[in-house]
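Positions are given from 1 along the sequence. As a basis for the values below, the full set of heavy atoms in this structure was taken, side chains included, without hydrogen atoms, waters or symmetry mates.
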Amino acid sequence: MTPIEIGLWVTAGMLVMVVLGMRVAFAAGLAGVVGLVWIFWDKKDYEFAQLAWALTVGIKTAGQVPHGKVSSQALSLIPTFILIGYLAYYAGLTRALFEAAKRWIAWVPGGLAVATVFATAGFAAVSGASVATAAVFARIAIPEMLAVGYDKRFAAGVVAAAGTLASLIPPSAILVIYAIIVEQDVGMLLLAGFIPGMFSALVYTLLIIGLALTVKGFGPPVGGFTWRQRFASLPPALPIVAVVVIIIFFVYNPFGGDAWGTPTEGGAIGAFIVFVIAAYRGMRWPELKDALLETAKLSVMIFSIIWGVLIYVRFLGFADLPSAFSDWITSLHYSPMMILICILLAYAVLGMFMDAIGMLLLTLPVVYPAVMALNGGEAVTAADSAFGMNGTMCAVWFGILVVKMAEFCLITPPIGLNCFVVAGVRDDISVQDVFRGVTPFFIADAVTIGLLVAFPWIVLWLPSQA
């Protein structure tokens with residue numbers, strides 16, 4: 001049996017385990033170990049006397065992965081970004097941000113829903129976790145929308161959909177994971193996510209205003225705030241802006257010259273600043289303990305998935321499956337753009353059955369080389385490429401596209417994690433209600449993805465300035 005055939009059989013077995021309900025981390029890790037042992041035993045023609053040798057070599061090869069890969073400095077960004085979000089919540093920054101957005105924006109049709117989108121986008125700029133963002137605003141925004149007459153399904157849908165913005169707007173844990181898997185610059189990818197993230201928020205806003213203008217009694221505007229009240233709401237929310245500016249400056253120095261530091265240092269300083277603000281505003285040990293525990297839980301979950309999937313990726317390298325898939329993709333008699341669209345559609349389907357991080361980690365080792373090959377390779381110039389961009393920019397563009405697809409998968413049934421989080425926070429709203437409420441946002445996400453594909457400069461303009 002050839003290594004590629006072994007790779008296909010093991011991959012099929014792993015997908016079966018995932019469909020049957022096994023956690024992605026364990027399914028991928030187990031598949032990787034079994035695959036490595038199988039390949040090494042195959043080299044010995046399945047001699048029973050060599051099985052112990054194959055087991056030893058396969059397990060040792062898999063055992064080198066967790067420390068060798070997860071000790072990467074870039075991964076230290078993930079817990080700091082998550083911690084910033086939880087500390088900001090306990091510092092009262094999230095409520096201050098929502099209050100400011102409400103006073104300045106709620107007068108438009110669908111005003112409170114629009115304010116929720118903008119407040120969520122602002123919070124996403126200090127929180128790298130979509131799940132945490134959705135959970136926080138389910139507590140803050142939904143009660144206010146219900147109080148002025150919003151349908152509970154749509155109110156929940158707004159929060160679930162807007163929570164996905166944390167996947168794109170830096171700091172983003174998923175973008176960091178993508179950068180590590182495909183070995184691209186973390187700072188450039190974080191920069192690239194800013195404009196598409198805000199663009200996605202704008203599309204959500206236009207959808208809400210359109211619904212409010214066309215559906216009678218939908219999303220009544222909320223007025224009555226004086227200019228004094230509006231300006232008074234800004235100072236409590238300014239620490240969010242300060243943290244965002246610090247992180248951006250550490251990633252990219254807008255004044256020219258070298259950046260002030262690494263993204264890791266920016267995340268650590270941002271977390272310290274938010275901690276000081278939270279302590280000043282009255283956070284005590286129980287709240288700090290909760291923030292640290294929640295950060296640890298989410299970080300361990302993400303790191304466990306990375307460990308398991310990287311063992312599987314090591315096996316894929318021995319099976320040579322990524323190269324075989326790239327050769328097959330480039331041999332198809334279709335345009336590169338058509339193949340790319342089909343890949344994105346496949347992500348939409350796959351995301352209905354897998355969580356976003358697991359889906360990206362499992363597919364990128366195979367799909368990313370294929371997309372780069374479609375464009376002309378890692379070293380291709382813009383003039384010779386299929387998508388009109390060099391290899392580095394293609395990696396950034398594709399990263400934003402797949403992370404946006406991961407956002408889409410956070411709200412699609414039956415696995416849409418943000419929908420389950422919102423329903424878990426609100427006892428009066430069922431998961432079915434949340435899924436019905438996010439339905440209009442499927443259209444908004446489809447429009448956003450289509451525009452990002454058609455106009456890559458939306459993604460690439462900011463990183464090209466670095």
Parallel, tilted or perpendicular: which one describes the rings of Trp307 and Phe303, with boundaries at 30° and 60°?
perpendicular

Is there side-chain contact between Tyr368 and Gln184, with heavy atoms separated by less than 4.5 Å?
yes

Hey, do the aromatic rings of Phe40 and Phe318 have their centres closer than 6.0 Å?
yes

I'd like to check Val117 versus Leu202 (side-chain heavy atoms, cut-off strictly below 4.5 Å). Are they in contact?
no

With no hydrogens and no angle check, is any side-chain donor or acceptor of Asp42 less than 3.5 Å from a backbone partner on Pro3?
no

Can you see which heavy atom on Val434 is nearest to which on Ala156, and at what distance?
CG2-CB, 3.9 Å

Any side-chain heavy-atom pair from Pro196 and Lys404 closer than 4.5 angstrom?
no

How about CZ on Phe275, more than 12 heavy atoms from neighbouring residues, nucleotides or ligands closer than 6.0 Å, or not?
no

When the ring planes of Tyr46 and Trp41 are compared, do they come out parallel, tilted or perpendicular, using 30° and 60° as the limits?
perpendicular

Starting at CG of Leu238, measure out to CG of Leu93 and round the result to the nearest 0.5 Å.
10.5 Å

Any sub-3.5 Å donor-acceptor pair from Tyr347's side-chain atoms to Met405's backbone N or O?
no

Do Asn418 side-chain atoms and Leu410 backbone N/O form a donor-acceptor pair below 3.5 Å?
no

